[in-house]
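One structure is given below, encoded as structure tokens.
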There are 2 protein chains.
Amino acid sequence: MRSLPVIDCCAPLAGPVPSAEEAEATAALFRALADPARVRIVNLLARSDEPVCVCEFVPMLALSQPTVSHHLKKLADAGLLEREQRGRWAYYSLARDAVRRLASLVDFQEVSA
Amino acid sequence: MRSLPVIDCCAPLAGPVPSAEEAEATAALFRALADPARVRIVNLLARSDEPVCVCEFVPMLALSQPTVSHHLKKLADAGLLEREQRGRWAYYSLARDAVRRLASLVDFQEVSA
DNA sequence: TCAATATATAGACGGACGTCGATACGACCG
DNA sequence: CGGTCGTATCGACGTCCGTCTATATATTGA
């Protein structure tokens, strides 16, 4: 079993005073992006219209296959990536709505409701 | 001596393929926000028109004064906070332009120039 | 059903990070 | 000039994290 993706729990940086849980969830979301390998993964997916096979990430990142799998899982657990099984291959894509919410988290124009 | 704030070096999540240094700088920026105490600090500053005294953060975060100072330094090193000395008190405020650039990093609508 | 292939999980190891108490630094005030 | 107060730095300690190798799981094809 796995708890809710952090993207579903976190509060905007600007906005009302966050609870302890909200502050932790927001921090966890940023933590998901706090690694250069994961930044690259998101960047590749952002530039791709199609889901991308795990076997493409491995040579691009120059990391071992288990390490790449580890990073993909972190991003998926955060709710930023979606996984799709195609035969024996796994394809990952950006969770576009999650990305929209990520953008809203760092929007300082927003009214602090 | 201190190197450039990471906010000056990092590349947008969507956008052209980042170099190793850009991916690391972008990750470092998210790392600066990857702690609930720092999320709270930014939140308080976002809701405040005036710079905020260190002595206000300490009770709010319920952390020791050295720990709070440590978090403030991390955010300032990232380029997200500005420090101002007023007598024996130190005041911190949001670096509004840095915050604008942070928002642009997570903007996936942007053209990948 | 067995071998091969793609991905995920487990376990170990080293380094980074958050936290603290103790202390140094710096500015104000008698 | 000496004391006090606010903040920053130092050093230590425990935990988390990224990485690897080895192995398990799952899917395909013969």
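Quick note on labels: first sequence line is chain A, next is B, and so on, each numbered from 1.
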Could you tell me how far apart [X] ([atom1]) and [N] ([atom2]) are, to the nearest whole angstrom?
X	N	atom1	atom2	result
B:R83	C:dC25	CZ	C1'	11 Å
B:L61	C:dG18	CG	C1'	13 Å
B:F30	D:dC17	CZ	C1'	18 Å
A:H70	C:dA10	NE2	C1'	13 Å
B:W89	D:dT4	CH2	P	16 Å
A:E56	C:dA6	CD	P	13 Å
A:E84	C:dT7	CD	C1'	15 Å
B:L81	D:dT7	CG	P	14 Å

Handout entry: Contacts of B:E82 that satisfy side chain to side chain donor-acceptor pair (under 3.5 Å) - sequence neighbours left out
Key =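 Partners of B:E82 by the side chain to side chain donor-acceptor pair (under 3.5 Å) criterion come out as none, since no residue qualifies.
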[N] phosphate, OP1 or OP2, under 4.0 Å from [X] side-chain N/O:
X	N	answer
B:K74	C:dG18	yes
A:H71	D:dT19	yes
A:R88	D:dG29	no
A:R31	C:dC17	no
A:Y91	C:dA6	no

Problem - Main-chain N/O of A:A32 paired to A:R38 side chain as donor or acceptor, under 3.5 Å - result: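 Answer holds: yes.
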Practice task
Fit a plane to each ring of B:F57 and B:Y92, take the angle between them on a 0 to 90° scale, and name the class: parallel (under 30°), tilted (30 to 60°) or perpendicular (over 60°).
Solution key: perpendicular
Measure all distances between protein nitrogen or oxygen atoms and nitrogen or oxygen atoms of nucleotides 20-22 of chain C, and list the pairs falling under 3.5 Å.
| unit_1 | atom_1 | unit_2 | atom_2 | d |
| --- | --- | --- | --- | --- |
| C:dC20 | OP2 | B:S64 | N | 3.0 |
| C:dC20 | OP2 | B:S64 | OG | 2.9 |
| C:dC20 | OP2 | B:T67 | OG1 | 2.8 |

Practice task
Using a 4.0 Å heavy-atom cut-off across all strands, classify B:Y92 as base, sugar-phosphate, or nothing.
Solution key: sugar-phosphate
Fill in the blank from the handout: One should read off an interatomic distance between B:I7 CD1 and B:L75 CG, to the nearest 0.5 angstrom, of 11.5 Å
Practice task
Could you work out which one of D:dT19, C:dG18, D:dT9 sits closest to the side chain of B:K73?
Solution key: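 Among D:dT19, C:dG18, D:dT9, the one nearest the side chain of B:K73 is D:dT9.
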Problem - Position toward the 5' end of DNA chain D (nearest nucleotide), A:R38 or B:C55 - result: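 Per heavy-atom nearest nucleotide, the more 5' residue is B:C55.
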Practice task
May I ask whether B:M60 and B:V42 are part of the same hydrophobic cluster, defined by side-chain heavy atoms of I, L, V, M, F, W, Y residues being less than 4.5 angstrom apart, directly or through others?
Solution key: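 Same cluster: B:M60 reaches B:V42 through Ile, Leu, Val, Met, Phe, Trp or Tyr contacts under 4.5 Å.
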Handout entry: Under-4.0 Å salt bridge between A:D35 and A:K74
Key = no
Practice task
Output yes when B:R31 and B:E24 qualify as a salt bridge under the 4.0 Å nitrogen-oxygen rule, no when they do not.
Solution key: yes
